[in-house]
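Every chain is numbered from 1, with letters handed out A, B, ... down the list of sequences. These values consider heavy atoms only, across backbone and side chains, with no hydrogens, waters or symmetry-generated copies.
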Protein chains: 2
Amino acid sequence: MVKITDVARHAGVSPSTVSYALSGKRPISEETRQRIEASIRELGYRPHAGARALASSRSNVLALVVPLRTGIHVPVVMQFAVSVVTAARRHDHDVLLLTQEEGEEGLRRVADTALVDALIVMDVQLHDARLPLLRALDRPSVLIGFPAAAEGLTCIDLDFKAAGELCVERLAGLGHRVVALVGSPPEVYVRGTAFAQRVVEGFTAAAHRNGLSSSVHPCEASPAAARRIAEQLLREHPALTGVVVHNEPVLEPLIDAFEQLGLRVPGDLSVTAICPDEVAESLRVPVTSIALPSAEVGARAVELLMRKLDGADVPGATLLAPRLTERASTAPRNAP
Amino acid sequence: MVKITDVARHAGVSPSTVSYALSGKRPISEETRQRIEASIRELGYRPHAGARALASSRSNVLALVVPLRTGIHVPVVMQFAVSVVTAARRHDHDVLLLTQEEGEEGLRRVADTALVDALIVMDVQLHDARLPLLRALDRPSVLIGFPAAAEGLTCIDLDFKAAGELCVERLAGLGHRVVALVGSPPEVYVRGTAFAQRVVEGFTAAAHRNGLSSSVHPCEASPAAARRIAEQLLREHPALTGVVVHNEPVLEPLIDAFEQLGLRVPGDLSVTAICPDEVAESLRVPVTSIALPSAEVGARAVELLMRKLDGADVPGATLLAPRLTERASTAPRNAP
DNA sequence: ATGAAAGCGCTAACAA
DNA sequence: TTGTTAGCGCTTTCAT
């Protein structure tokens, strides 16, 4: 194995000069730098990661904790992971993959052994058991998602309020005047500041702003519940022509129910959803939707972490702008 | 930070004794071990990963290279990655995530900097550009998939021949007497020892063994080609009642074509496929299929790597037994 | 602009 | 069964 002293000897300089040439942490004369670079190439030198980590107390590795829960959309996770790796590489860092399963002990282990410099935690729950630990660790972290109490933590996620707004704006733009939100199961709204509530806020505010008649309907995640909601909507809001769905499992049965009740999508009813693109695309009627911008979330999470590692202050909350993808479930309102 | 000397002092022993107590590389008296363990707990000691790696020239980290190619089934990759992490942890190793995108330079980097001890490479192509590098690296690797020339490499994959056989056996067991294989595009068969050919071998051998009439049909990955094959099969093999499909993108259009031609699946025609479970499940008619056992492949790949790291010899080729999942596309042959 | 030298925290000979 | 000690290869003060 070729080491830094070999390079130093070959280039006729001291090891520290090679080190500084590599890190750029102090000025090196152009000529010396050239010689060093030539020696490095010629000898095929690669600094030993462990030695570096030991001497500099920086491993240049980030931990990424991925969820295993069923109900999480796997392609979203994968896309996210890839974007984290890509972004990390741009900053000369690598990514260590941890599974949720490892739990708090896993986080503590990679942090306390100095195996990683910082952590990215996906799928953060409202009352996540890992929060106290993340606050206590001596290395920075970024959470994907917002827990109920985010003080002292750095979080990033889709701007769900803006997403709710955007869905309504699009429906309004298509001429719809009566809209409904089919939301998450009731219990989701109960436990404090949830992203589900943010959707409701955005939905309601935008409906108001646009002078639309609107209503909000929490919905259990079952086909039967979807069917009931569809019937209720037709009964109570006969003029309804626009629906926003923020409840993945219910999306398909809901559309089916509407059609069985004699409403064509998008002929009689326009539907927009907040859900992964894979879900929206794969439905019988591909649904106009807003997805979590996973690649952007990953890249931004890494940027935040890098700034924290540089000792800079970063915002505690980062909200990403929603992007709506037009598909087959939306159309202009029929002439009355 | 608490270090090994702190633990040693606290326990009244030397640092090396603590080290040996931790690694088990030499016998420690029960009493001493107890004292050391107590000190470790009390002080909250965690060995520094970088220092360890430097002193022992083992990082206890494996690299996992995941594909980005479109056409690769993402859930399969993810499931595989999770099983690699889980298996690695059982052997006290962590997993560094690399993307295909990083290419050979990425492999060389993590190997030459001693960031990882060994590598797992997914989605190995028949003539993979990384093969020479993997052979030349000073650390062991395991490939998922078989390249055309696998000498000097350790590979693992589904036993595609056995998969071809198993499909036929199932159809034969259901009473089918005339079967066809709709295979990969023709060019796949041209370029040497491919997994596609292994399927053909198994299919043909099993058909023979069971006294079935059989035929093999390479097929382009397009709906039009699927349609043509369907028509051709009906024309040339009117008694056909069993089809094996080893061509993912063609699966759905092929079944559609059969039904448009008046054949019910599985009423008139039984279909089995070799494809990811996600694909098989999501079709209009869920298809009886054999999937790549990703979790098992991941776990086995790690085991192989561990044995190589221990200096043991391992087989160059590991073939995993296929497992067939019964779904809605197969039924006993109609009484004639 | 460069060099000398002291560690970083651990492992593994070598000794006893 | 345990201790002593010399590195592992690099970074970073402190000097010059």
Without hydrogens or angle criteria, can the side chains of A:Ser16 and A:Ser19 be said to hold a donor-acceptor pair below 3.5 Å?
no
Take the protein atom CG of B:Leu54 and the nucleotide atom P of C:dC10, then report the distance between them rounded to whole Å.
12 Å
Indicate every side-chain donor-acceptor pair of residues 305-323 of chain B with a distance under 3.5 Å to a residue at least two apart or in another chain.
| unit_1 | atom_1 | unit_2 | atom_2 | d |
| --- | --- | --- | --- | --- |
| B:Lys308 | NZ | B:Ser141 | O | 3.1 |
| B:Lys308 | NZ | B:Thr154 | OG1 | 2.6 |

Hey, is the side chain of B:Lys3 poking within less than 4.0 Å of OP1 or OP2 on C:dC10, counting only N and O atoms?
no
Is the backbone N or O of A:Ala51 less than 3.5 Å from a side-chain atom of A:His48, with the two atoms forming a donor-acceptor pair by type?
yes
So NE2 of A:His10 and CD of A:Glu42: to nearest 0.5 Å the spacing works out to 4.0 Å
Just the endpoints, please: which first and last nucleotides of DNA chain D, 5' to 3', lie under 4.0 Å from a heavy atom of chain A?
D:dG9 to D:dC14
Of A:Val82, A:Val116, A:Val84, the one forming a side chain to side chain contact (heavy atoms under 4.5 Å, CB included) with A:Val95 is A:Val84
Tell me the side-chain hydrogen bond (donor to acceptor under 3.5 Å, both in side chains) pairs involving residues 108-122 of chain A, sequence neighbours left out?
A:Ser59-A:Asp117, A:Glu102-A:Arg109, A:Arg109-B:Asp94
What is the distance, to the nearest angstrom, from the CD1 atom on B:Ile4 to the P atom on C:dG9?
12 Å
Any chance you could measure A:Glu296, atom CD, to A:Ile156, atom CD1, to the nearest 0.5 Å?
7.5 Å
Residues within residues 8-21 of chain B bordering DNA chain D, heavy-atom distance below 4.0 Å
B:Gly12, B:Val13, B:Ser14, B:Ser16, B:Thr17
Please report how far the helix from C:dA1-D:dT16 to C:dA16-D:dT1 bends, comparing the axis fitted to its first five pairs with the axis fitted to its last five, to the nearest 10 degrees.
30°
Can you work out whether A:Arg26 or A:Ala55 has the more 5'-proximal nearest nucleotide on DNA chain D?
A:Ala55
B:Glu105 with A:Arg89: basic N within carboxylate O range, under 4.0 Å
no
Rounded to the nearest 0.5 Å, what separates atom CE in A:Met1 from atom OH in A:Tyr45?
7.0 Å
Between A:Ser83 and A:Thr86, is any side-chain donor less than 3.5 angstrom from a side-chain acceptor?
no
Salt bridge flag under 4.0 Å for residues B:Arg90 and A:Glu101:
no
Counting only heavy atoms and a strict 4.0 angstrom limit, can you tell me which residues of residues 29-47 of chain B come near DNA chain D?
B:Ser29, B:Thr32
Check B:Asp6 with B:Arg9, please: is the shortest side-chain N to carboxylate O separation under 4.0 Å?
yes
dist B:Leu54:CG -> B:Arg52:CZ (nearest 0.5 Å) comes out at 13.0 Å
Below 4.0 angstrom from OP1 or OP2 of C:dT11, is there any side-chain N or O of B:Arg52?
yes
Rounded to the nearest Å, what distance is computed from the NE2 atom of residue B:His48 to the C1' atom of nucleotide C:dT11?
15 Å
